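Read the structure below first, then the notes.
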Amino acid sequence: MRVITQQSLGGPEVLTIVDAPEPQPLPTEVLVRVKAIGLNPLEARLRAGEFPLLGLPPFVLGWDISGVVKEAPGTWRFRPGDEVFGMPLFPRAANAYAEAVSAPALHLARKPASLSHVEASALPVVGLTAWQGLVDIGGVKEGDRVLVHGGGGGVGHVAIQIAKALGAHVITTASGSKRKFVEGFGPDEVIDYTAVDFTKAVRDVDVVLDTIGGDTVERSLDVLRPGGHLVTAVAEEDLELIARYEAAGMRFSGIAVEPDPVALRGLVDLVDQGRLRVHVQETFPFERVADAHRLLEGGHLQGKLVLTV
């Protein structure tokens with residue numbers, strides 16, 4: 001099979017395609033013939049050496065996959081021929097930039113029939129991040145006021161839809177150029193952060209889901225109601241911020257996404273109900289992974305990028 005690997009840290013040009021033996025699934029694992037691979041901004045940082053999650057090269061990036069089960073030794077969950085998707089093993093290496101991946105069956109779910117492999121591969125990381133942030137940590141319930149920062153991004157556009165499905169009043173921030181795109185996912189209010197200070201326009205929020213970081217997290221303290229909850233996917237270890245929130249009587253939680261079969265099935269249910277969709281901005285063939293990474297690290301994406309195999 002072909003695998004995209006790197007022998008050194010650096011720019012997109014370090015990503016190279018090599019031949020490698022297929023992985024051998026252990027009992028309770030399945031071998032998936034990959035059809036599509038979702039790309040995430042973290043992977044550009046790992047490639048460049050900005051974040052040492054996988055150690056030093058050589059390594060293979062990637063976690064988001066959708067494909068067809070080829071082998072399923074010792075597990076009752078899937079059979080060869082089943083279409084599956086998921087985010088296996090994170091934060092350990094899943095080696096997903098490959099034509100075949102061996103993954104724990106528990107980390108996968110059956111692909112919704114209404115989603116193509118491309119769409120399904122774009123959902124796991126962003127969907128699980130949003131679900132775990134809003135449902136598991138944030139405890140969002142009907143009638144809550146929820147502010148989603150970065151509504152046009154991968155996590156953001158999915159989070160809007162999950163919060164709406166939970167019955168929340170959803171406010172989101174986005175640049176003016178993304179306004180129409182973001183409105184298509186059903187938020188109750190869209191704030192153009194390039195023209196309006198969100199701290200002047202929003203009040204009494206129950207849960208803030210942050211995907212931006214920086215001073216956005218600090219300023220979000222001003223929009224929460226007493227006892228409100230800030231959940232961030234990018235500033236989870238800022239002890240000073242945590243202390244500031246707690247001193248003000250607010251809650252502060254960081255989220256590091258993890259494989260979650262319950263949440264994955266929850267996402268599938270929302271897709272099947274027609275209440276959740278994922279937007280793919282652009283697809284790239286496997287051979288153009290470097291081009292995909294150049295766009296990925298440029299930021300300001302609408303939704304997700306996907307490699308097709």
Side-chain angles (χ1 to χ4, degrees), residues 41 125-176 178-179 181-183 185-258 260 263 266-267 270 275-276 299:
V125 167
V126 296
L128 290 174
T129 300
W131 182 283
Q132 291 167 12
L134 294 171
V135 178
D136 299 332
I137 299 177
V140 173
K141 60 187 183 300
E142 187 171 0
D144 279 352
R145 287 171 58 82
V146 174
L147 171 60
V148 176
H149 285 303
V155 175
H157 84 289
V158 171
I160 291 169
Q161 298 170 79
I162 293 174
K164 287 298 296 181
L166 293 170
H169 177 95
V170 181
I171 310 158
T172 189
T173 59
S175 64
K178 290 185 178 181
R179 186 180 189 93
F181 170 74
V182 171
E183 286 177 340
F185 299 103
D188 297 284
E189 302 177 47
V190 180
I191 297 172
D192 179 358
Y193 67 84
T194 66
V196 177
D197 181 351
F198 74 88
T199 66
K200 307 297 184 185
V202 184
R203 283 290 180 272
D204 298 322
V205 170
D206 295 280
V207 177
V208 173
L209 181 65
D210 166 59
T211 66
I212 305 298
D215 70 346
T216 298
V217 183
E218 301 175 28
R219 294 164 63 219
S220 293
L221 182 61
D222 297 331
V223 306
L224 286 167
R225 65 163 178 78
H229 198 166
L230 183 286
V231 182
T232 178
V234 291
E236 62 269 16
E237 296 181 355
D238 193 323
L239 298 180
E240 183 179 339
L241 266 178
I242 293 173
R244 284 185 57 196
Y245 269 75
E246 290 179 349
M250 311 296 184
R251 290 176 290 167
F252 182 107
S253 298
I255 177 172
V257 68
E258 57 186 318
D260 183 342
L267 295 173
L270 289 182
R275 306 178 80 178
L276 176 63

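The basis for the numbers below is simple: all heavy atoms, side chains too, and nothing from hydrogens, waters or symmetry mates. The model shown is predicted, which means the values in this text are computed figures rather than measured ones.
- Between Ile255 and Ala233, the shortest heavy-atom distance links the atoms CG2-CA, 3.7 Å.
- Evaluation of the side chain to side chain donor-acceptor pair (under 3.5 Å) test over residues 239-250, restricted to residues two or more places apart or in two chains, returns none.
- The two residues Arg145 and Glu189 have their closest heavy-atom pair at NH1-OE2, 4.3 Å.
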Acceptor/donor pairs from residues 151-158 side chains to any protein atom, 3.5 angstrom cut, sequence neighbours excluded:
unit_1, atom_1, unit_2, atom_2, d
His157, ND1, Gly153, O, 2.9
His157, ND1, Gly154, O, 2.9
His157, NE2, His279, N, 3.0

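- Applying the salt bridge (charged side-chain N to carboxylate O under 4.0 Å, His left out) test to Arg225 and every residue at least two apart in sequence or in another chain returns Asp206.
- Evaluation of the side-chain contact (heavy atoms from CB on, under 4.5 Å) rule for Ala243 yields no partner, not counting sequence neighbours.
- Among residues two or more places apart in sequence or in another chain, the side chain to side chain donor-acceptor pair (under 3.5 Å) test is passed with Arg219 by Asp197.
- Not a single salt bridge (charged side-chain N to carboxylate O under 4.0 Å, His left out) links Asp260 to another residue, sequence neighbours left out.
- Scanning all heavy atoms of the two residues, the minimum distance from Ala248 to Leu221 falls at CB-CD1, 4.0 Å.
- Scored by the side chain to side chain donor-acceptor pair (under 3.5 Å) test, Lys164 finds Asp188 as partners (sequence neighbours excluded).
- When atom types are taken as modelled, the side chain of Asp210 and the backbone of Gly213 share a donor-acceptor pair closer than 3.5 angstrom.
- Residues passing the side chain to side chain donor-acceptor pair (under 3.5 Å) test with Arg179 are Glu183, sequence neighbours excluded.
- The CZ atom of Arg275 sits 8.5 Å away from atom CG of Leu166, with the distance rounded to the nearest 0.5 Å.
- The shortest non-hydrogen separation linking Gly127 to Leu267 is C-CD1, 3.6 Å.
- A distance of 7.0 Å separates OG1 in Thr172 from CG in Leu147, rounded to the nearest 0.5 Å.
- A donor-acceptor pair under 3.5 Å is absent between the side-chain atoms of Thr194 and the main chain of Ser175, judged by distance alone.
- Closest non-hydrogen pair, Val202 versus Val223, comes out as O-CG1, 3.7 Å.
- The heavy-atom pair separating Leu230 from Ser220 by the smallest distance is CD2-CB, 4.0 Å.
- The ring-ring contact (aromatic ring centres under 6.0 Å, His included) analysis of residues 187-212, with sequence neighbours excluded, yields the pairs His149-Phe198.
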Query - Full working for side-chain contact (heavy atoms from CB on, under 4.5 Å) between Val148 and Thr211 - result: CA-CA 8 Å; Val148 176; Thr211 66; 5.6 Å; no
Just distance, no hydrogens or angles: give the donor-acceptor pairs under 3.5 Å from side chains in residues 130-141, sequence neighbours left out.
unit_1, atom_1, unit_2, atom_2, d
Gln132, OE1, Glu258, N, 3.3
Gln132, NE2, Glu258, O, 2.8
Lys141, NZ, Asp144, OD1, 3.2

**Report entry** Criterion side-chain contact (heavy atoms from CB on, under 4.5 Å) on Val126 and Val257, from CA distance to verdict
**Finding:** CA-CA 9 Å; Val126 296; Val257 68; over 6 Å; no
